There are 2 protein chains.
Amino acid sequence: MTPHPFDEAVALDAIDAEAGRFAGRTHPAWANMVGPYGGVTAAQTLAAVMAHPKRLGEPLSLTVNFCAAMADGGFEAIARPVRTNRTTQHWIVELQQGGETVTSATAVTAIRRETWAHDEHAIPAAPSPEMLPAMRRPEAPAWLQRYEMRFLAGDLLETLKSGPADDSLTRLWVRDEPARALDVLSLTALSDVFYPRVWRRRGQPGPAGTVSMTVYFHAGAQALAEAGPWLLAQATGQAFRDGFFDQSGQLWSAGGRLVATTHQTVYFKA
Amino acid sequence: MTPHPFDEAVALDAIDAEAGRFAGRTHPAWANMVGPYGGVTAAQTLAAVMAHPKRLGEPLSLTVNFCAAMADGGFEAIARPVRTNRTTQHWIVELQQGGETVTSATAVTAIRRETWAHDEHAIPAAPSPEMLPAMRRPEAPAWLQRYEMRFLAGDLLETLKSGPADDSLTRLWVRDEPARALDVLSLTALSDVFYPRVWRRRGQPGPAGTVSMTVYFHAGAQALAEAGPWLLAQATGQAFRDGFFDQSGQLWSAGGRLVATTHQTVYFKA
C-alpha cells in the first residue's frame, strides 16, 4: 500500500530521540508558492513532540512561529520538554536548516480526564458536503490539491470575482485528499487551510504570510479518529492594520463536535 | 513620585543584557490566590524582550505558557532572538526559578507600516464607564485591587448568585488602578483579566488556571498611549471538555479601536 502523502510529509527519522533530535524534509506534494504549506510545517513541529520518548499525554495547544521561509529539502527538528508536571508537559520546538532556526514552536501536552463538557461555539447549520460542489483549481500550488474543499461561504474564486467583501468569513467543508483518518497532526495542518482573510476584504490577492499560529485541540486521538474525515471549518479576521491582521477559526467534526480552535497573526501588503 | 505598582512589578535588572539575561521578582501588589497574577507574569516575559538591546520593532504577538506555579520571590528571565528578519524578529523567552523553567514564551516583534486598516470585530455598544458602578471586592486577592472593573455583562458576583449561565460572555470596562497610561506591557497583563469562563457556565468557582495564553497586539506604543486608560474588554469560551476550556477575547480602546485580541487554554475541575 502506498503511504498517504501526509504521512510521508510528517515522517521524522530519529537522529538522537532521547535528546529530541529528528530529521525531516519538505515534501513536493505540499509545496506552496514559496516553500512548503505552513500547515504541514506546523504539523512537523508537533510530530517532533509526538516522536519524543518522554512525551506525556496528548497535544492540548501548539503555537508555531514561522521565522523564515523554509527551503525545500531537509531540516532538523529539536523538541525539548522544558517542564513535566503530573498531567501537563511543556515543550519548546525548533526546526533548523543549516543551523539556523526557520520555525519555532511551543506546545503543551496533557492527560485528559472526563469533566463537564460543552461546545459553546456550536456548529453552524450547513448542507452536507455531498450536496455541494468541490472546488477544482488544478493550476493552484500542490498543497491545495491535497484538500477536498466545498465552500459554504467566502469561496476564494467567488471572492476574487465579486470584489471587496463586508466581512472576511470563509466557511467550508474540508478533508484530506485522498481521504485519511483524522489525527492531531492532520488537524494541525487543516487549521492553516484558510486563504488570507485580507484577500476577501480587499477582493484581490496580494502578498501575505502567516507569522504565528496557535491551535487549541479539543479532542484526543480516539475522538479524532472517530470524527473525520470531513470537518466544517471557518475563519474570520478581527483587526487589519499596519501590515498585519489576525484571524480566528473553528473546526468541527461532521457530527458537530468542536475539535479545534485556531488563531493566527498574518503579514500582508495592501 | 512613587512609581506605579505595575512599573515596579515589570522592572527587570540586567544580569547580562547582551545575552538576554535579566533578574526580576514577584510583587506583593499582584499576588493571586497561589503565586502571582498570570497577566503580570506574561508581561514580565515580554519585558525581557523589550529590555533586550537587539530588539527590532514592537510586539506583534506573544504566547506565554504557564509551566509551573511561580514562587514568590526572584526569577531569571532569558530572552533569545532566534531569528531577525528585515521587519520581524522571533523570540524565545524563559522565566526560571532555581534553574527550572516556570514560564516559557515565544514572541514576535515587528516594524509596523501603515496599510489598509479595518476593525472587523467592532466594539459593542455600551454605556460609558462613568455611568456604571465599580466592582468592589476588598476581600479578593491583591491583583484584583489593581484593576478598576465596571461590568457590562457576566459580572462574577452576579454569576455566582444566579447559577449556571447559558453563555460564558463577560464584558467590562477595565483600567489600571491607580490609572496609568496604557503600554504594551500593561495591555498584556490586562489580556488575562477575565475570571475563568467555566465559573460562569457552572455558576460556581472551582480550581482553574491558565495553561497557555496568546496576545495579538494591534497597536504600537504611540497608539496605545493615546488609547488608554479605559478598555472595553470581553471574553467568551468556545469549548469545555476533559479538564480544559479555551477562551477568546477582545480589548478595545474607549474610542473603539481594537488594540488586542487574546486567546487562552485553561485547566479546570468540574
Side-chain angles (χ1 to χ4, degrees), chain A residues 60-61 63 65 67-68 82-83 85 87-88 90-92 94 100-102 104-106 108 110-121 167-168 197-198 201-202 211-212 214 216 218-220 236-246 248 250 257-259 261 263 265 267-270, chain B residues 60-61 63 65 67-68 82-83 85 87-88 90-92 94 100-102 104-106 108 110-121 167-168 197-198 201-202 211-212 214 216 218-220 236-246 248 250 257-259 261 263 265 267-270:
Chain A
L60 175 70
S61 72
T63 293
N65 304 286
C67 305
V82 292
R83 183 87 186 197
N85 299 314
T87 59
T88 59
H90 289 261
W91 297 84
I92 294 177
E94 292 178 63
E100 297 282 318
T101 300
V102 292
S104 69
T106 60
V108 182
I111 295 171
R112 290 185 168 85
R113 297 204 169 100
E114 200 176 331
T115 57
W116 178 76
H118 179 68
D119 286 337
E120 181 160 336
H121 200 146
D167 68 64
S168 66
R197 304 295 81 211
V198 70
R201 290 306 305 249
R202 304 286 284 168
V211 177
S212 183
T214 289
Y216 297 140
H218 301 296
T236 313
Q238 298 198 82
F240 306 74
R241 182 170 279 111
D242 297 337
F244 299 94
F245 70 86
D246 72 329
S248 283
Q250 296 80 28
R257 174 161 171 180
L258 188 52
V259 292
T261 46
H263 312 283
T265 181
Y267 151 89
F268 75 96
K269 276 193 181 169
Chain B
L60 174 71
S61 72
T63 293
N65 304 287
C67 305
V82 292
R83 183 87 186 197
N85 299 315
T87 60
T88 59
H90 289 261
W91 296 85
I92 294 177
E94 292 179 63
E100 297 281 320
T101 300
V102 293
S104 69
T106 60
V108 182
I111 295 171
R112 290 185 168 86
R113 296 202 170 102
E114 200 176 331
T115 57
W116 179 76
H118 179 68
D119 286 336
E120 181 159 335
H121 200 146
D167 68 64
S168 66
R197 305 295 81 212
V198 70
R201 291 305 306 247
R202 305 285 286 169
V211 177
S212 183
T214 289
Y216 298 139
H218 300 295
T236 313
Q238 298 198 81
F240 305 75
R241 181 170 280 114
D242 297 337
F244 299 94
F245 71 87
D246 72 330
S248 282
Q250 296 80 29
R257 175 161 169 179
L258 189 52
V259 292
T261 45
H263 312 282
T265 180
Y267 151 88
F268 75 96
K269 276 193 181 169

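FYI, side chains are in, hydrogens and waters are out, and symmetry mates aren't considered; it's all heavy atoms of this structure. Note that the coordinates shown come from a computational prediction; the quantities given were computed from them, not determined experimentally. Every chain is numbered from 1, with letters handed out A, B, ... down the list of sequences.
With sequence neighbours left out, the side chain to side chain contact (heavy atoms under 4.5 Å, CB included) criterion links A/Ser248 to A/Gln238, A/His263, B/His263.
Residue with the most contacts toward chain A among B/His118, B/Gln250, B/Lys269, B/His121: B/His118 (heavy-atom pairs, distance under 4.5 Å). Per-residue heavy-atom pair counts under 4.5 Å with chain B were compared for A/Ile111, A/Leu258, A/Asp246, and the maximum is reached by A/Asp246. For the set A/Gly243, A/Ala117, A/Ala239, A/Cys67, the entry with the most heavy-atom pairs within less than 4.5 Å of chain B is A/Cys67. When A/Tyr216, A/Phe244, A/Phe245 are compared by the number of non-hydrogen pairs under 4.5 Å with chain B, A/Tyr216 comes out ahead. Ranked by heavy-atom pairs under 4.5 Å with chain A, the list B/Val211, B/Val102, B/Asp242, B/Asp119 is led by B/Asp242. Between chain A and the options B/Thr236, B/Leu60, B/Asp167, B/Thr87, the largest number of non-hydrogen pairs under 4.5 Å is found for B/Leu60. Heavy-atom pairs under 4.5 Å with chain B were tallied for A/Ala68, A/Ala219, A/Ser168; the largest tally goes to A/Ser168.
Contact of A/Thr88 with chain B is made through the side chain alone, with heavy-atom distances under 4.5 Å. If you measure heavy-atom distances from B/Arg83 to chain A, the contacts under 4.5 Å come from the side chain alone. Only the side chain of A/Thr63 comes within less than 4.5 Å of a heavy atom in chain B; its backbone stays farther off. Only the side chain of A/Ile92 comes within contact range of chain B, judged by heavy atoms closer than 4.5 Å. With a threshold of 4.5 angstrom between heavy atoms, A/Ser61 approaches chain B through side-chain atoms but not through N, CA, C or O. Residue contact with chain B, scored on non-hydrogen atoms closer than 4.5 Å, involves the side chain of A/Asn85 exclusively. Interface residue B/Ser104: only side-chain heavy atoms are found under 4.5 Å from chain A. For A/Val82, the parts sitting under 4.5 Å from any heavy atom of chain B are the backbone and the side chain alike. Using a 4.5 Å cut-off between heavy atoms, A/His90 touches chain B through its side chain atoms alone. With a 4.5 angstrom heavy-atom cutoff, A/Thr214 touches chain B via backbone and side-chain atoms both. Proximity to chain A (any heavy atom under 4.5 Å) is restricted, for B/Arg257, to the side chain, taken from C-beta onward.
No hydrogens or angles considered: a donor-acceptor pair under 3.5 Å links the side chains of A/Ser212 and A/Asn65.
With rounding to the nearest 0.5 angstrom, the NE2 atom of A/His218 is 7.0 Å from the OG1 atom of B/Thr265. The distance from the CZ atom of A/Phe240 to the CZ atom of A/Arg197 is 8.0 Å, given to the nearest 0.5 Å.
Contact record, B/Trp116 with A/Arg201: CH2-CB, 3.5 Å, taken as the closest heavy-atom pair. Scanning both residues, A/Arg202 and A/Ala270, for their nearest heavy atoms gives NE-CB, 3.8 Å.
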